[in-house]
Every structure is written in C-alpha cells, then in structure tokens.
Amino acid sequence: MLNIEIRQLEYFTAAARMGSYARAAKHLFVSPQAISKSVQVLESHLGVNLFDRNSNGIALTDFGKLFYEKSLAVIEELEELQREAECHVADCVSIVSVGIHSLCFKENGGSIARSDLLGFSSRYPDVDFRFMEMSGDAIVESIAADNLDFAITVPPDNLSRDYESVELKMFPIAAIVPRERGVRLPESLTVPQLSGRSLVSLSGERELNKVFIDQAEAQGDRIAVSSLQIAPNSDIEFITECRAYSIRPLQHALRTVTCLLVGVVPVVDDRNEAISIPLYLFWKKGRRLAPVERSLLDRIISLYRR
C-alpha cells in the first residue's frame with residue numbers, strides 16, 4: 001500500500017497548478033525546500049517522476065498529469081468527508097456552556113440582557129445551553145480546566161497563546177472614592193492623583209485589577225495596593241473608613257453605586273484619555289466550532305456591535 005500523506009498531495013498539486021515550487025511555497029506559506037522535498041518523497045514512493053525539470057522551471061510528465069487529476073479528486077473527497085464530520089459534530093452537540101462575567105449583564109451596566117440569551121437558546125431545543133454568571137477569576141480558571149466551552153470576561157495573559165478570541169469592547173474605568181464634606185468631586189482623576197490612597201482590589205477579579213495596575217505602571221505610576229481584597233458589594237464601608245479607593249467599569253459603577261458617602265470618578269491617563277479595560281469572548285485553541293456554536297458567537301458579538 002502506498003505511503004502517501006495528504007500534505008504531499010497538497011504540495012504537489014499546488015506546484016503543478018502554479019508551475020513553480022517558489023510560487024507554490026509562497027501560496028502555502030512554507031519554504032520552497034519543503035515543497036521540493038515533499039515532491040521528491042512522493043516520487044520516491046511512486047517510483048516515477050511527476051515533473052520534468054529544466055531551466056525554465058517544472059512541467060508535469062504524462063504520468064504527472066494523470067496523477068494530478070487523481071490527486072485533485074482525492075483532496076476533494078477528503079474535504080467532503082471533513083465537511084460531513086463537522087455536520088455530524090454539530091448534530092451531536094448537546095451541551096454548550098458559557099461563563100459570563102456578572103458585569104456584562106444590563107442590570108450591571110453591561111450589554112447582555114438575560115432575555116437575549118433565553119431567546120437564542122429557545123431556537124435550539126435539542127441543545128442544552130448553560131449560561132453561567134460568574135466572577136472573572138472563576139471564569140478563567142474554569143475554561144483553563146475545560147469546565148467551560150466559552151468565556152466572556154477580562155482575558156488572562158495567555159490569551160493569544162492558548163485561546164481563540166474576539167474583542168467585544170473596551171470599557172472605561174472609574175474610581176470609587178470617598179466624598180469630602182463640602183468638596184465637589186473632580187470630573188476625572190489620574191493615577192498620580194490617587195496615589196495618596198490605597199487601591200482596594202476586588203476579590204475574584206485578578207485580571208481586572210491587573211489590567212489597571214499594569215497600565216498605571218507602564219506610564220510610570222506606582223500603585224499602592226491594600227492587602228485586603230473586598231467583594232464589590234461590600235467595599236463602600238472600607239473605602240470610606242480607610243480613605244481608599246476601588247476600580248470598576250464606569251458603566252457598572254454609575255448604575256450600581258448609590259451610596260452618598262462615595263462618588264464615581266472616571267480615571268484618565270496623563271493625556272486626559274480614559275483608561276479602559278478589554279472585554280473578550282474566547283475559547284480554547286483547536287476547538288472545532290459546530291454551526292450552532294458559531295451562531296451563538298455571532299449573536300453575542302452582535303450584542304456589542306449594535
């Protein structure tokens with residue numbers, strides 16, 4: 001039985017179609033040597049030359065022409081099998097899990113209404129969609145452990161290496177600061193202006209906190225971080241007692257912070273531009289998306305693009 005790899009057929013047909021190893025290599029993003037070596041191995045297995053080689057380049061031999069037509073048919077059949085496999089996978093998808101940061105929901109200043117998710121899932125009664133409201137750290141840990149299919153949150157450092165992703169939005173951030181009696185809140189604050197206070201980082205939000213700290217340090221500002229981490233629903237008392245501050249997405253803060261003892265102030269850089277944090281939709285690299293999953297991703301993206 002012939003020992004032929006599909007890659008050898010792809011390299012051979014590309015070289016035959018373009019009449020040049022160099023042009024085939026450029027088209028396939030490989031080296032000309034890789035094309036040449038692959039064709040040589042293929043000819044060795046077959047025991048016959050596929051190309052006549054001369055100073056003008058390469059040309060198919062009589063057998064090479066026959067082998068070229070047969071190779072195209074084989075590649076087409078394999079591609080059809082791949083498409084059928086993908087359809088089979090789509091038919092077999094039964095559970096799709098999505099971890100969603102709690103700040104993404106409309107009642108928290110985000111863009112996702114729960115009715116949007118329920119409306120989408122009702123179109124696919126054979127699929128068990130599991131939309132889970134979670135903290136950022138829990139989402140990152142769960143998708144890394146393969147306990148989630150998709151994630152919507154501030155991304156981890158290894159996003160580009162380990163995950164496929166779509167940036168949904170850049171969210172400007174605000175500082176939650178104590179109000180001073182008789183003193184009007186400023187329209188914005190820079191990191192140096194906050195440097196006299198300690199940052200009360202939010203528990204369960206490692207990536208959100210890190211983005212702010214990294215951006216501040218990148219522009220040469222030092223952040224003093226409190227050793228105590230606080231849940232978003234219990235940080236107000238600590239902020240007022242310790243004259244500290246916390247960081248949240250501006251939309252979320254404006255919608256949820258109602259205590260008159262603190263104020264919400266946008267945080268800007270030294271150019272008076274808003275400091276923002278990224279929100280991504282991401283999943284593990286190498287995952288073959290079923291059509292229903294692609295539809296889900298398109299729906300989520302549309303909620304942020306409208």
Side-chain angles (χ1 to χ4, degrees), residues 5-7 10 28-30 78-105 108 110-112 114 116-171 202-214 249 276-305:
E5 299 178 2
I6 182 62
R7 181 176 298 176
E10 290 174 340
L28 296 172
F29 300 100
V30 298
L78 290 173
E79 289 176 345
E80 177 61 28
L81 283 173
Q82 181 65 55
R83 287 191 290 270
E84 291 182 5
E86 290 176 354
C87 290
H88 177 73
V89 169
D91 291 341
C92 293
V93 169
S94 57
I95 299 175
V96 178
S97 58
V98 186
I100 305 174
H101 197 294
S102 60
L103 301 185
C104 294
F105 290 99
N108 294 328
S111 299
I112 298 176
R114 299 173 197 276
D116 291 326
L117 302 176
L118 293 175
F120 177 85
S121 62
S122 66
R123 292 161 47 193
Y124 301 92
D126 296 331
V127 180
D128 180 7
F129 285 101
R130 300 178 182 179
F131 301 111
M132 292 170 279
E133 181 177 352
M134 304 168 69
S135 70
D137 289 358
I139 292 173
V140 172
E141 291 163 4
S142 294
I143 197 165
D146 293 319
N147 294 326
L148 282 176
D149 296 317
F150 302 96
I152 305 176
T153 188
V154 180
D157 285 339
N158 61 337
L159 180 71
S160 61
R161 184 179 73 247
D162 296 340
Y163 300 96
E164 301 289 341
S165 63
V166 177
E167 182 181 299
L168 296 175
K169 199 167 187 178
M170 293 291 292
F171 284 102
L202 302 181
S203 60
E205 301 299 338
R206 181 175 55 250
E207 303 302 332
L208 186 152
N209 298 322
K210 186 175 183 302
V211 169
F212 171 66
I213 294 171
D214 286 351
S276 299
I277 58 174
L279 180 73
Y280 275 81
L281 165 63
F282 56 97
W283 59 97
K284 280 284 189 72
K285 271 189 177 174
R287 181 185 183 90
R288 191 176 298 280
L289 299 179
V292 66
E293 293 174 326
R294 292 186 184 278
S295 295
L296 171 63
L297 301 190
D298 289 342
R299 179 57 180 152
I300 291 171
I301 292 168
S302 73
L303 296 177
Y304 285 89
R305 299 291 187 265

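Computed from a prediction, not measured in an experiment: that's the story for all the values here. Computation of the quantities below employed the complete heavy-atom set of this structure, encompassing side-chain atoms and omitting hydrogens, waters and symmetry-equivalent molecules.
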Task: Smallest separation among heavy atoms of His101 and Ile139, with atom names - done: N-CD1, 3.3 Å
Task: Closest non-hydrogen atom pair, Ala144 against Lys284 - done: O-NZ, 3.3 Å
Task: Asp126 vs Val292 side-chain heavy atoms within contact, under 4.5 Å - done: no
Open item on the list: Over 60° means perpendicular and under 30° means parallel, so tell me whether Phe131 and Phe129 are parallel, tilted or perpendicular.
Closed with: parallel
Task: Backbone N/O of Leu118 and side chain of Ser121: donor-acceptor pair under 3.5 Å - done: yes
TODO: Evaluate side chain to side chain contact (heavy atoms under 4.5 Å, CB included) for Ile152 paired with Ile112, printing each intermediate quantity in order.
DONE: CA-CA 11 Å; Ile152 305 176; Ile112 298 176; 4.2 Å; yes
Open item on the list: Give me the atom names and distance for the closest heavy-atom approach of Ser142 to Met134.
Closed with: OG-CE, 3.6 Å
Task: Asp128 side, atom CG; Ser94 side, atom OG - distance, nearest 0.5 Å - done: 7.5 Å
Task: Approximate separation, where rounding is to 0.5 Å, of Leu117 CG and Ile100 CD1 - done: 5.0 Å
Task: By salt bridge (Lys or Arg N to Asp or Glu O under 4.0 Å) - contacts of Asp137 (at least two apart) - done: Arg206
Open item on the list: Looking at Pro278, is its backbone amide N or carbonyl O close enough to the side chain of Lys169 to form a donor-acceptor pair, meaning the two atoms are under 3.5 Å apart?
Closed with: no
Task: Non-hydrogen side-chain atoms of Leu208 and Leu103 separated by less than 4.5 Å - done: yes
Open item on the list: Whether the side chain of Asn209 engages the backbone of Glu205 through a donor-acceptor N/O pair (distance < 3.5 Å, no angle test) should be reported.
Closed with: yes
Task: Pairwise side-chain contact, Leu297 with Val166, heavy-atom cut-off 4.5 Å (strictly under) - done: no
- [ ] Give the C-alpha distance, both sets of side-chain angles, the deciding distance and a yes or no for side chain to side chain contact (heavy atoms under 4.5 Å, CB included) between Leu279 and Phe171.
- [x] CA-CA 7 Å; Leu279 180 73; Phe171 284 102; 3.5 Å; yes
Task: Side-chain (Asp149) to main-chain (Val98) donor-acceptor, under 3.5 angstrom - done: no
Open item on the list: When you compare the side chain of Leu289 with that of Glu164, does any pair of heavy atoms fall below 4.5 Å?
Closed with: no
- [ ] Please tell me if the side chains of Pro155 and Glu207 come closer than 4.5 Å, counting only heavy atoms from C-beta onward.
- [x] no
Task: Passing option when Tyr163 is tested against Phe150, Trp283, Phe282, Tyr280 for ring-ring contact (aromatic ring centres under 6.0 Å, His included) - done: Phe282
Task: Heavy-atom closest contact (Ser160 atom, Lys285 atom, distance) - done: O-NZ, 2.7 Å
Open item on the list: Can you confirm whether more than 12 heavy atoms, excluding those of Arg114, are under 6.0 Å from its CZ atom?
Closed with: yes
Open item on the list: Restricting to non-hydrogen atoms, name the atom on Gly136 and the atom on Thr153 that form the minimum distance, rounded to 0.1 Å.
Closed with: CA-OG1, 3.6 Å
TODO: Search all heavy atoms of Asn108 against all heavy atoms of Glu133 and return the closest pair with its distance.
DONE: ND2-OE2, 4.2 Å
Open item on the list: For the CZ atom on Arg299, are there more than 12 heavy atoms of other groups (residues, nucleotides or ligands in this structure) within a distance under 6.0 Å?
Closed with: yes
- [ ] For Ile301 and Leu168, run side chain to side chain contact (heavy atoms under 4.5 Å, CB included): C-alpha distance rounded to whole Å, both residues' side-chain angles, the deciding distance at 0.1 Å, then the answer.
- [x] CA-CA 6 Å; Ile301 292 168; Leu168 296 175; 4.1 Å; yes
Task: Partners passing salt bridge (Lys or Arg N to Asp or Glu O under 4.0 Å) against Asp298 (at least two apart in sequence or in another chain) - done: none
